[in-house]
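Scroll down for the structure; my scribbles are underneath it.
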Amino acid sequence: MNEKKTAELLKERLGAKNYQKLIGLDIPKLHQFIARYVELCNPDKVFVCNDSPEDIQYIREEAVRAGEELELDVTGHTVHFDSFYDQARDKKHTKFLLPPGVDLGKGINAMDRAEGLKEIHDIMHDIMRGHQLYILFFCLGPHNSQFSIPAVQLTDSCYVAHSENLLYRSGYDELKRKGQSAQFFQFVHSAGMLDERNTSKNLAKRRIYIDLEAETVYSANTQYGGNTIGLKKLAMRPAINRASKEGWLTEHMFIMGVHGPEGRVTYFAGAFPSLCGKTSTSMLPGETIVGDDIAYLREKAGMIHAVNPEKGIFGIIQGVNLIDDPIIWDKLHTPCEVIFSNVLVTEGKTPYWIGNNEDSLQNGINHSGDWQPGKKDAEGNEITPSHPNARFTLDMHMLDNRDSKLDDPEGVLLGGILYGGRDSDTKVPVEESFGWTHGVIMMGAALESETTAATLGKEGERKINPMSNLDFLSIPIGRYIENYLAFGKMKNPSCIFSVNYFLRDMEGNFTNDKTDKAVWLKWLELRVHREVDAIKTPTGLIPKYEDLKKLFKAVLNKDYSEEDYTKQFTVRVAENLAKLARVEEFYRTNVHDTPQLVFTVFEEQRQRLIKAREEYGDYIVPDVLSGG
Ligand code: SPV
Ligand code: MN
C-alpha cells in the first residue's frame, strides 16, 4: 500500500480522533503495518490507545462492558475465563515461519514461511468482523534504556489489551521519541469467533505463528495469555533472535534483590520452567522483586546487568495462600486492579482457587461454566474448581516489595544466575557451579524438569529444557549455548548456581519445606561475596552444614538437623550418571550444532562422578567430602 492509500484507509477506518492519535507517531512503516491488518482483519471499530489515563480507563471499562471480564466483589477485581480447551500455551500450534534454508533443529517447531504466512493471513481474513480492534504501544524494558525494545500490539480482545496495560510499560511516548529509527516488534491477535461465554470458539484454527524476519507474531482463535499477550512469550521469540545477533541474552528468568548483611542488596536472575516456583521465589518475604518471568541481560563494564521487559505479573494462583504468599494474598483481597483468570467464582462473586487454604468451596462458575463439586468433563474426568494454570494479573508498582531499581534504565548488576527445575531424584537443593562454562553447560544446558499444567499435554514427564528457555528458542539450541558461553567471556561474569525445590527422599517425600528456599537465597547472597565456604563435590560446590544451620535459625527460626542436611545434600551418583546419559543422548540425537565443549564438560563431570564412586560408593554424604 502506498503512503496516500495508507492514510486514506486509516482516516476512514479509525475516525478522526483515533487517526490523530496515530499520526502523533510519525513512523510510516508503523502506519503501513496497521493499515494492512485493519484492512485484512476488518474490525467494526478501531481504538488507538495513546496511554493517557482516559484511554487506559476506557479499555478497563470495555473489558467489562464487552463481557470479557466480570466484576468481582472487591473493587478493581475482575475475572476472565478462557475456553475450557484453551487453558495453556499451545506448543503444537506455535510455530516459527522460516525462509528456505533456515533450520532451527529438531526440538523447535517450525514451518515454511510462505506457507505459514498464507495460512495465517487466510485465517485472519475478516476475523475481527463484529469486534473492536485495539491498537496499543509498549516498551519492553525501562523507558529511555539501551535494553529496551518498543512494540505495537493489535488485538480485538479488550482482556488482552487490559492485561497488557497492567503488564507492560507504556510505549506511545517512547515511539514518539524514537521516531523513524524505532525498531519495533509487531503483534496481531484475534480471539476469533466468540461463544456465548465470550471465549474463543474456533479452537481448531488456533495458531501462533512467529515471523522472525519481520519480527512479527500472529495469534488467532485463542485468548489464554501465554498465547495472546504479544509482549510476553510471543515477544520472547524475536527478542531471543535479536539478542543472538547483538551479543546479549533474552532469558526466562526472574530478577530479584536478595537482602544481605548491613543493608547490602545482591541481585539474582533465575530461570525455571513454568510452574516450578519462579514467581514465589521472586516474591520471597523480606526480599525485593524486579521481575518474575523474563529478563534481558547485557554486559556493562565487564559485568552482567539485567532489566525486566515487563512491569507486572501474570502469576499462577494455585497454592497462593496467606502464610506462604502474604504480599500477593493481600492484593488478591483488597481493592486494587487485579484480573483473575480461570478461577472459580462463587455466587457472592468471590474468587476461589485450589490451595488457598480456605474451606469455603461452593458452587459457582469457572472455566467450564456452571460448576459444582463432582462435575465431569466430556472424557469423564473430574473438573477441578479452578484450573491448575489459573492466574492473576497485576502491576508490580502496587507491590510494597518492588525493588527500587525496577525501572532503572541501567538495569541491575547480577551477582548470581540460578537454574532450577522440578527434579525429584537427582539434584541437591542448592549448588554452585565451578565457573561460567561449567554452570552454563551442567546447570543450564543440562536442565531437566518434570512437565506441568502450564502447557497443554501430559504432566509429570521428565524433559530436558535448556535454560528453561526451550519453548521460546528462536535460534538453534547449539548456537544458543555457544552464544551463552561467549557472553560469559568478560571480566566478572555472575556466579552460576542450580536450585531444586522438588527433591524427594527414598520414600518419595519432599526433602524440603516450600519455605526453605528463603534460606538457599540467603546462602547464595553470602556465597557471591565469598562470605561462606563451600564443599566441593563431583557436581559442584554445596553449602556447609554449620552455615545452613545458622541461616535456618536466622531466616526461618527453624532448628536444622544434620540428618536433614545429609538427606538433602547427599550426592546421588547413579542418578547423576543416568541424568548425564539422558542429556548427552538428547544433544547427540536432537541438536545438530552442539558445541564440542558441551560434550567435554559432560565427560569431565562423568569422570569426577565415577572416580568419587570408586572411593565413596553410590551415595556420597557431604561429611566425607568435607573431611569432617
Ligand atoms: C509460563 O508459562 O512460563 C508463563 C505464563 O509465564 S505464559 O504466559 O503462559 O507463558
Ligand atoms: Mn514464564
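The structure presented is a predicted model; accordingly, all values stated were derived computationally and were not measured. Order of appearance sets the numbers: ligands from 1, and atoms from 1 within every ligand. Side chains included, hydrogens not; waters and symmetry mates left out as well; all remaining heavy atoms used.
Polar contact check, Lys232 against ligand 1: no nitrogen or oxygen pair lies under 3.5 Å apart.
Here the options are Asp293, Asn465, Asp471, the test is side-chain hydrogen bond (donor to acceptor under 3.5 Å, both in side chains), and the partner is His252; only Asp293 passes.
Note on ligand 1: His252 sits in its first shell, one or more heavy atoms being nearer than 4.0 Å.
With atom 4 (C) of ligand 1 as the reference point, the heavy atom nearest to it among Met236, Glu310, Lys233 is part of Lys233. When the heavy atoms of Ser274, Ser468, Cys276 are ranked by distance to atom 3 (O) of ligand 1, first place goes to Ser274.
For Arg206, the salt bridge (Lys or Arg N to Asp or Glu O under 4.0 Å) partners two or more places apart in sequence, or in a different chain, are Asp86, Asp90.
Side-chain polar atoms of Asp403 and Thr288 form a donor-acceptor pair below 3.5 angstrom. Inspection of the Thr228 and Gln223 side chains reveals no N or O donor paired with an N or O acceptor under 3.5 Å. For the residue pair Gln146 / His305, no side-chain donor-acceptor distance below 3.5 Å is found, with atom types taken as modelled. No side-chain donor from either of His387 and Asn342 sits under 3.5 Å from a side-chain acceptor of the other. In this model, no donor atom of one side chain and acceptor atom of the other lie less than 3.5 Å apart for Tyr134 and Gln153.
Counting the atoms of ligand 1 from 1 in the order shown, those under 4.0 Å from a heavy atom of Tyr224 are 5 (C), 7 (S), 9 (O). Every atom of ligand 1 with a heavy atom of Asp293 under 4.0 Å away is listed here by number and element: 6 (O). Atoms of ligand 1 lying under 4.0 Å from any heavy atom of Gly226, numbered from 1 in the order shown and given with element: 7 (S), 8 (O), 9 (O).
Protein atoms of type N/O/S that fall under 2.8 Å from the Mn ion (ligand 2) number 3 in this view.
The heavy-atom pair separating Tyr159 from Ile339 by the smallest distance is CE1-CG2, 3.8 Å.
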How far apart are the C-alpha atoms of Lys427 and Ser498, what are their side-chain angles, what is the distance that settles it, and do they pass the side-chain contact (heavy atoms from CB on, under 4.5 Å) test? CA-CA 8 Å; Lys427 293 193 73 77; Ser498 76; 3.3 Å; yes
